[in-house]
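The structure's right below; bear with me while I get my questions together.
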Amino acid sequence: MAASPNDAILTDVHPELRGVVKMILGMGNFTPVLKKANLPAIRQGSDAFQPKPLTNVPYERRVIIGSRGQPDVTVYLVNAREGEQRPCILHMHGGGYVAGSAAGSLHQVQTLARELDCVVVTVEYRLAPEATYAGSLEDNYAALKWIHANSSALGVDPARIAVLGESAGGGHAALLAIAARDRGEVPVCFQCLVYPMLDDRTGSTRQAPAHRGQILWTAQANRFGWECFLGRKPGGRSGEGVPGRTANLAGLPPAWIGVGALDLFLDEDMDYARRLNAADVAAELLVIPGAFHGFDTFGGPSSPGQRFSEAKLNALRQAFKLPAA
């Protein structure tokens, strides 16, 4: 029997992850050709896939004042306790800049808040293409300022506010850290970038090796996401709104960057870690062999996923000066 194209993909996948990759590929990779016409259906599907919030970690929906000239912003406040001074994570969800929701990420951030005994605020930022990066950045920045201004009422230590995001959320977190540095109003102590979407040139003017970006997030999806987010063709002369093309990375908070070796974002994530360290910003990089985009979420329990999650949590513990687990 002739080998199928999927057989070649599976060869590079970690043995513990091959079962779920077979399922993903058999169901059309969960990533159809992205276009504006099918975006509503994709958004609906991505939210329906998310697990329900936990019942034993408190959360509440808040509406906060947006940045000047911008609309109000919905956030979800998780695990807050007034009268304490605990660390806080400002979380931005993934979804290729065009999908996903803060509400849909509640189970995930509740788990994180419970593991670290910290506060988490996750932002319902405006999605592209309805809003470009200029709008969503202001949504995220408004949440950052709100946490800092209300730190006492939220039980947050204003010196221990970190930003965190996965995929496009990692791009948002990196962009927010740059904005916070440039504006000089609110300190950010750490940036936790989980397989972050950092560079619009990937899949447009820079092609990844053929064995990367075959599972869950493809070059075509990446081009679509960036074009919606930037409001222009990706990979052009302008690097505005693109963390990976920001020339000056000096003075940014320390970072942890984690990514799988089969992820479309591998090269851009490694390059960002290298450039951060070159700018005297302490950056830890973890690359998991045989792991694809979103493997820690979609791959089920596995030793690669456990290693990845433990490294992320340990980096946050160290940044927050918490005792080791």
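Residue numbers count from 1 along this sequence.
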Where I89 and C118 come nearest, the two heavy atoms and their spacing
CD1-SG, 4.0 Å
Tell me whether I65 is reachable from V121 by hopping between hydrophobic residues (I, L, V, M, F, W, Y) whose side-chain heavy atoms are closer than 4.5 Å.
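No; I65 is not reachable from V121 via cluster members.
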Would you list the pairs meeting salt bridge (Lys or Arg N to Asp or Glu O under 4.0 Å) in which at least one residue belongs to residues 171-194, sequence neighbours left out?
E138-R183, K145-E185
Could you give all pairs that pass the ring pair (Phe, Tyr, Trp, His ring centres under 6.0 Å) test and reach residues 61-90, with sequence neighbours left out?
none
H14 vs S303, side chain to side chain contact (heavy atoms under 4.5 Å, CB included): CA-CA, chis, key distance, verdict:
CA-CA 10 Å; H14 189 284; S303 57; 4.2 Å; yes
The reported gap from OG in S151 to CG in D157 (rounded to nearest 0.5 angstrom) is 8.0 Å
Does any N or O in the side chain of S105 come within less than 3.5 Å of the main-chain N or O of Q108, such that one atom is a donor and the other an acceptor?
no
Which heavy-atom pair separates A261 from G290 by the least distance, and what is that distance?
CB-N, 4.0 Å
Are the side chain of E268 and the backbone N or O of L198 linked by a donor-acceptor pair below 3.5 Å?
yes
Could you walk me through whether F224 and L39 pass side chain to side chain contact (heavy atoms under 4.5 Å, CB included), step by step?
CA-CA 11 Å; F224 176 80; L39 199 48; 4.3 Å; yes
Beyond-backbone contact of F292 with V20, side-chain heavy atoms, under 4.5 angstrom
yes
Once you round to the nearest 0.5 Å, how far does CZ of R86 lie from CG of L154?
10.5 Å
Measuring only between side-chain heavy atoms, which start at C-beta, is E227 closer than 4.5 Å to K233?
yes
Give a yes or no answer on whether the side chain of R160 reaches the backbone of A319 with a donor-acceptor pair at less than 3.5 Å.
no
Is the shortest side-chain N to carboxylate O distance from R43 to E130 below 4.0 Å?
yes
Could you give me the CA-CA distance, side-chain angles and deciding distance for I215 and F298, then say whether side chain to side chain contact (heavy atoms under 4.5 Å, CB included) is met?
CA-CA 11 Å; I215 306 164; F298 295 96; over 6 Å; no
Between CG of L90 and CG of L176, what distance do you get to the nearest 0.5 Å?
6.0 Å
Donor-acceptor contact present, side-chain N38 to main-chain K35, <3.5 Å:
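Looks like yes, one N/O pair under 3.5 Å.
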Is the Y195 ring parallel, tilted or perpendicular to the F308 ring (thresholds 30°, 60°)?
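Y195 and F308: parallel rings.
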Can you tell me which residue among V57, N79, L316 is in a side-chain contact (heavy atoms from CB on, under 4.5 Å) with L112?
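Result: among V57, N79, L316, L316 is the only option passing the side-chain contact (heavy atoms from CB on, under 4.5 Å) with L112.
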Main-chain N/O of A131 paired to R126 side chain as donor or acceptor, under 3.5 Å:
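Side chain of R126 to backbone of A131, a donor-acceptor pair under 3.5 Å: no, none is there.
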Taking the side chain as everything from C-beta on, heavy atoms only, tell me whether Y59 gets closer than 4.5 Å to P53.
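They are in side-chain contact.
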Nearest 0.5 Å, what's the CG-NE2 distance between L106 and H91?
9.5 Å
Heavy-atom closest pair, residues Q110 and L54
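Scanning both residues completely, I find the closest heavy atoms to be OE1-N, 2.6 Å.
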Is there a side-chain contact between D263 and F295 in this structure, where contact means two heavy atoms from C-beta onward sitting under 4.5 Å apart?
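No; the side chains remain at least 4.5 Å from each other.
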Got a sec: does the CD of Q44 have more than 12 other heavy atoms crowding it under 6.0 Å?
no
Say whether M270 and L249 are linked into one hydrophobic cluster, either directly or through other cluster members, by side-chain heavy-atom distances under 4.5 angstrom.
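Yes, because M270 and L249 connect within a single hydrophobic cluster, where side-chain heavy atoms sit under 4.5 Å apart.
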Would you mind reporting whether W146 and V123 have side-chain heavy atoms less than 4.5 Å apart?
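They are not in side-chain contact.
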Quick check: do W217 and L34 have side-chain heavy atoms less than 4.5 Å from each other?
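With C-beta onward as the side chain, the pair touches.
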To the nearest 0.5 Å, what is the distance between OG on S101 and CG on L127?
8.5 Å
On a heavy-atom basis, the closest approach of P234 and R223 is CG-O, 3.8 Å
Return each pair, listed once, that meets side-chain hydrogen bond (donor to acceptor under 3.5 Å, both in side chains) where at least one residue sits in residues 309-324; pairs must be two or more places apart or across chains.
Q306-E310, N314-R317
Closest approach of R275 and T246, non-hydrogen atoms and distance?
NH2-O, 2.5 Å
Taking side chain to side chain contact (heavy atoms under 4.5 Å, CB included) as the definition, give me every residue that meets it alongside R232, ordered by chain and number, with sequence neighbours left out.
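With sequence neighbours excluded, R232 shows a side chain to side chain contact (heavy atoms under 4.5 Å, CB included) to Y133, L230, S238, E240, V242, given in chain and number order.
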Carboxylate-amine/guanidinium contact R212 D267, below 4.0 Å
yes
Do the side chains of R307 and L286 get nearer than 4.5 Å, heavy atoms only?
yes
Same cluster (ILVMFWY, side-chain, under 4.5 Å), V63 and V73:
no
Under a 3.5 Å distance rule, please check whether E166 uses its side chain to pair with a backbone N or O of V194 as donor and acceptor.
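Absent.
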For Q214 and L262, run side chain to side chain contact (heavy atoms under 4.5 Å, CB included): C-alpha distance rounded to whole Å, both residues' side-chain angles, the deciding distance at 0.1 Å, then the answer.
CA-CA 8 Å; Q214 298 296 315; L262 302 182; over 6 Å; no
Spell out, as yes or no, whether a donor-acceptor pair under 3.5 Å connects the side chain of R18 to the backbone of V13.
yes
With sequence neighbours excluded, residues passing ring pair (Phe, Tyr, Trp, His ring centres under 6.0 Å) with Y97
H172, W226, F229
Rounded to the nearest 0.5 Å, how far does CG of L17 lie from NZ of K22?
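Answer rounded to 0.5 Å: 12.5 Å.
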Kindly say whether A174 contributes a backbone atom to a donor-acceptor pair with the side chain of Q191 at under 3.5 angstrom?
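Pair absent, no side-chain N/O of Q191 close to backbone of A174.
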For E284, which residues count as a salt bridge (Lys or Arg N to Asp or Glu O under 4.0 Å) partner, sequence neighbours excluded?
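With sequence neighbours excluded, E284 shows a salt bridge (Lys or Arg N to Asp or Glu O under 4.0 Å) to no residue whatsoever.
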For the residue pair Y125 and H93, is the inter-centroid distance of their aromatic rings smaller than 6.0 Å?
yes
How far apart are the closest heavy atoms of T132 and C228, and which atoms are they?
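What the structure gives for the nearest pair is CG2-O, 4.2 Å.
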pair R245-D199: side-chain heavy atoms closer than 4.5 Å:
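Touching, per the 4.5 Å side-chain cut-off.
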